[in-house]
Amino acid sequence: MGLLLAGMPVGAEPPVPPAATAAPVQPAPVVAAPTPPAASESVGAINDEELLCESDLRSLELVASGDASFVIERTGVVTLQKETAAGPTMRFDLGKDDEESPPREGWVRVERVTPKGVRRSIACGPVVSGLGYRLPDVEGGTDSDILVVRLFDVPRGKVEQARLKAIRAEREKALLTTELIERERAMLRKLADVGGVSKAVKRLGDVPVPPTGLVDAVKAVASAQSVVDQLKSSCPRSSLPETAPALLKHICEEKGSLDEKLGALSRMLESYELALRDKKLQERRKELRDALVAAAGALKAGEEPEAAAREAHCAQVALLNWLHSDSASRLVAQVELPVADRAHIVETAYGIGDSKQAMPSGNEGSLAVLLHNVTTGVELGVGAHRVVSEPKGPAEAVAQLISTLVTLRTQASDAELAWMARVAPHSSLLGPSPGVPPLSKLDFSPKTPTFLCLDNPRDSIGNDGTPARVADATFKVDAGAPPIARIGTRAIAVEPLDKGTTREVYVCDAQPCEPSKDNAKVRNRVVLDADRGSPFPLLVELAGTAAFEGQGGFATPRYVPLGGSAGPQRVYELRGEYEAQKLASVSVLFGLRVSRKLTLALGPSLLVGTSGGTFSQAGLRIGYEFARGAFLTTGPSVRFVQTATQEVRLGSRIAVENSEEPKVPSPPGLEYQPRLGWSLGVAVDVSTLADAGNSLLKTVGVGQ
C-alpha cells in the first residue's frame with residue numbers, strides 16, 4: 001500500500017508545456033539579486049536569462065536568516081540541514097576564487113514533479129553563493145512532490161573544462177545535423193551567387209553566343225571569388241584548432257571546394273579567351289567551351305529556406321554557438337530534493353547495498369529517501385517496494401479475533417501500487433518566427449559561424465517584453481545535456497508507514513528493477529522501519545515478584561494454632577504465612593524508549609495478589625518489545641508489607657481460652673515495612689490498545 005516515486009534520471013529533459021496552459025504569474029522581487037550577464041554582441045548570441053527563464057517564472061526569494069534545509073554544492077553534493085518552518089529552503093555553494101573575492105553568482109531553475117510525473121517549472125533566476133533562498137508559493141503541491149534543481153555557472157578549472165569539452169562534443173553530434181550543415185553551405189553558395197556563375201558560363205554554349213558572354217562569365221567568377229575570399233582569415237590553409245566549432249569546419253570545407261571550382265573555372269576562362277584571340281587555337285575553341293559548360297554544371301546554386309524553417313535553423317545555430325561561448329553559464333549540477341518534512345527524510349549513499357532506517361509512522365506526511373552520490377547519466381530504477389508486517393501484538397490479535405467472530409469483511413489495505421517517474425525526451429526546441437531578409441554582404445565570425453542567421457532580428461520584442469525569437473522558440477539550454485558535475489543527488493518519495501510495518505525499497509542501475517536480493521542490478525535496498533509509537537509509552541504490566549529475603553519476605557503475620565483443640569486453653573504461635581497469589585501484581589508503568597526495542601519504565605501497582613494493594617508496590621523495569629506494543633519486563637521492586645513489631649516478634653505464642661467456637665487472635669502491633677524483590681512479567685502499551693480499538697471500529701464500519 002505504498003506510493004513510490006522513483007528519482008528522475010539526471011540529465012533528463014523536461015517536456016515543454018503548451019503556451020496556452022501556462023498561467024501568468026507576477027514576478028516576485030528578489031533582494032540583492034545579482035545582475036544578469038549582458039547579452040553578447042556576437043552573431044546568434046542569447047544571454048543566460050533569455051535561455052534559462054521564461055518571463056512568467058518568479059525568482060527565488062531570499063531568506064532573512066540565511067538558514068536552509070538543503071545546501072547544494074556545484075559538485076552535485078547535497079547536505080541536509082536543520083528543519084526550517086517555511087518549507088524547503090536552499091543555499092548554494094558556488095565556491096570562491098580566493099578568500100578576498102566576493103561571493104560568486106549563478107543561475108538556478110527549479111521544477112516540481114508530482115508522483116504521476118507531471119512537471120511544472122516554478123522558479124528561475126540568479127542566486128548568490130552563501131545566501132538562503134525560499135521557493136515561491138505553489139498552489140496544489142503536495143509533500144509527495146520532488147523538486148528538480150538545476151544549477152548553472154561558468155565552468156572553472158581544468159577538470160570542469162575537460163568535462164565540458166566532452167559534453168560539447170556529444171551535444172554537437174546531435175545538434176549538427178546534415179540538414180543544418182547543408183543549409184549553411186548552400187547559403188555560402190547563394191551569397192557568392194555561384195548559381196549566377198553557372199548560368200553565365202553556360203550561356204557561352206548558346207548559339208549565337210551573347211556578345212558580352214565571356215565578360216559576364218569572368219565578372220561572375222571574380223565576384224563569387226571575392227565573396228569566398230572573405231573567409232581567408234576564418235579558414236586558414238593550416239588546419240583549424242581543435243576547439244573551433246564543428247560547423248566552422250564544414251563551412252571551411254565548402255570554402256575550399258568553391259576555391260577549387262572557381263579557380264578551375266577562372267583558368268579555363270583564360271584558356272578560352274586566349275583561344276578566341278589566337279587563330280591557331282581555333283580548333284580547340286569548341287573543346288574548351290564544352291569543358292567550361294561541364295565545369296559550370298558542377299556548381300550547385302544555394303537555396304534559402306522558408307521563414308519557419310529558417311527560424312528553426314537559426315535557433316539551432318544559436319544553441320551550437322552557445323556551446324562554444326566562453327562566458328556562457330553551463331549546467332554544472334542537477335539534483336533532486338524531497339518536499340517532505342526534514343523529520344521524514346532519510347539519507348543513504350548510492351551503491352552501498354543494504355541500509356536500515358528508522359522512520360516516523362502515521363499519516364502526518366509523506367516519507368522520502370535522499371540518495372547521494374549517484375553518477376550522472378545513470379538511469380535509476382526503483383523496484384516495487386515490499387511491506388513487511390511484524391507479528392501482531394496481543395491487542396491486535398484480540399481485535400482480529402473479534403472481527404473474525406462477527407464475520408465482517410475487512411477492506412484490503414495491503415495492495416501495493418508503485419509509479420515510476422519516467423521522463424520522455426522532448427526534442428522540440430523550436431517554433432515559428434518571422435522570416436529574415438537575405439544578406440547584402442558577408443559578415444562572418446569564426447567563433448559563431450553562420451551565414452543564414454547573420455541579421456536575425458534580435459530587437460523584435462513580444463507583448464510581454466520577451467524577445468520574439470526566444471518566446472517563439474522556447475528552447476532550453478539544458479535540454480538533454482548532462483551536467484558538468486559527475487555526481488548528483490536523487491530523491492525517492494514514499495507513502496507514510498503504518499505502525500509496526502517495515503517497507504523495503506529497491507534501487508537498481510537500470511529499468512526494470514525487480515525487488516529481489518538476487519537481482520544483480522540492485523545497488524541499494526533501503527529498509528524503512530516504522531517507529532513503535534510514542535517515545536513515552538504507558539504500560540500495563542502483569543508480573544510476578546520474588547522477595548530477596550526468601551519465603552518470609554512477603555509473608556503475612558498470622559497466629560497459627562499449635563497442638564490439639566482439647567483442654568481449657570489453646571496455644572497460638574505468630575508465624576509468617578506465605579500466599580502464592582501475592583507474588584502476582586498488576587502495575588501501571590510510565591516508560592521512556594531508549595532504543596527501538598528497549599524501554600525503561602517506572603510505576604506503582606494497582607493490584608497485588610487478590611486483596612487490593614493499590615500503590616503498595618513500586619517497580620523499575622527494563623522492557624523488551626518482542627511484538628508491536630507487547631513487552632517482556634524485568635527489574636527490581638519495592639513492596640510495602642505488614643510485619644510484626646519488635647514487641648511481638650514472629651514465633652511469639654499466646655494462650656487463648658478454648659471454646660466450642662475458638663476465636664483466632666489478631667496479631668497485635670503490625671506495621672508496614674519495605675521489602676525488596678525482583679519482578680518478571682509482560683506488559684502492553686496502552687496506545688496499542690487504542691489503535692487496536694480503532695482498527696476494530698473500522699472493521700465494523702465505525703469511524704474513518
Side-chain angles (χ1 to χ4, degrees), residues 27-42 45-55 57-82 84 86 88-110 122-136 147-165 167 322-335 337 447 476-478 481 483-489:
V30 179
V31 181
T35 303
S40 172
E41 296 300 328
S42 301
I46 303 176
N47 63 36
D48 290 341
E49 185 176 16
E50 291 179 355
L51 281 174
L52 298 175
C53 304
E54 289 91 345
S55 60
L57 287 181
R58 291 192 289 174
S59 298
L60 283 75
E61 303 168 2
L62 280 174
V63 179
S65 63
D67 293 337
S69 50
F70 300 99
V71 176
I72 304 172
E73 300 181 20
R74 67 195 314 276
T75 58
V77 175
V78 173
T79 303
L80 190 60
Q81 298 289 308
K82 63 181 181 180
T84 57
T89 53
M90 55 195 71
R91 186 170 71 246
F92 302 93
D93 184 1
L94 302 177
K96 286 188 176 182
D97 295 331
D98 53 63
E99 291 298 327
E100 298 180 356
S101 63
R104 294 192 64 91
E105 301 172 356
W107 289 83
V108 168
R109 184 181 180 92
V110 183
I122 60 173
C124 183
V127 294
V128 178
S129 180
L131 299 183
Y133 291 90
R134 180 187 300 109
L135 294 173
L147 299 175
V148 179
V149 181
R150 293 181 173 90
L151 178 60
F152 298 84
D153 192 11
V154 177
R156 305 196 300 271
K158 294 182 179 180
V159 175
E160 290 189 0
Q161 291 293 342
R163 173 75 170 157
L164 174 61
K165 180 181 176 181
I167 294 174
W322 173 85
L323 284 175
H324 286 271
S325 172
D326 296 330
S327 60
S329 296
R330 309 291 175 182
L331 178 60
V332 293
Q334 176 173 303
V335 300
L337 307 177
K447 291 186 178 180
K476 298 176 179 59
V477 297
D478 61 331
I484 293 176
R486 295 188 177 274
I487 63 170
T489 301

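Between the side chain of Tyr133 and the backbone N or O of Ala68 there is no donor-acceptor pair closer than 3.5 Å. Between the Thr89 side chain and the Arg134 main chain, no donor and acceptor come within less than 3.5 Å of each other.
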Next item on the list: Just do the side-chain contact (heavy atoms from CB on, under 4.5 Å) check on Val332 and Phe152 with the steps written out, would you?
Entry: CA-CA 5 Å; Val332 293; Phe152 298 84; 5.9 Å; no
Note to self: Apply side-chain contact (heavy atoms from CB on, under 4.5 Å) to residues Arg109 and Leu57 and explain how you reach the verdict.
What the structure shows: CA-CA 9 Å; Arg109 184 181 180 92; Leu57 287 181; 3.9 Å; yes
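Here the shortest heavy-atom pairing between Leu135 and Ala123 reads CD2-CB, 4.4 Å. Across all non-hydrogen atoms, the minimal contact from Gly125 to Ser59 is CA-OG, 4.2 Å. What you find for Gly76 and Ala485 is that their closest heavy atoms are N-CB, 4.1 Å.
The side chain to side chain contact (heavy atoms under 4.5 Å, CB included) search around Val71 returns Thr79, Gln81, Arg91, not counting sequence neighbours. Applying the side chain to side chain donor-acceptor pair (under 3.5 Å) rule to Thr75 yields the partners Glu73; only residues at least two apart in sequence or on another chain are considered. Qualifying salt bridge (charged side-chain N to carboxylate O under 4.0 Å, His left out) partners for Arg163, counting only residues two or more places apart in sequence or in other chains: none. For Val108, the side chain to side chain contact (heavy atoms under 4.5 Å, CB included) partners at least two apart in sequence or on another chain are Leu60, Phe92, Val110, Val127, Val149, Leu151. Partners of Arg74 according to the salt bridge (charged side-chain N to carboxylate O under 4.0 Å, His left out) rule, which considers only residues two or more places apart in sequence or in another chain, are Asp153, Glu160.
Taking the side chain as every heavy atom from C-beta outward, Pro88 and Leu147 approach each other to under 4.5 Å. With contacts defined as side-chain heavy-atom distances shorter than 4.5 Å, the pair Glu105/Leu94 does not qualify.
Residue Phe70 holds its CZ atom at 10.0 Å from OG1 of Thr489, rounded to the nearest 0.5 Å. Note that CD1 of Ile484 and CD of Gln161 are 7.5 Å apart. Values are rounded to the nearest 0.5 Å. To the nearest 0.5 Å, the span separating CG on Leu331 from CH2 on Trp107 amounts to 15.0 Å.
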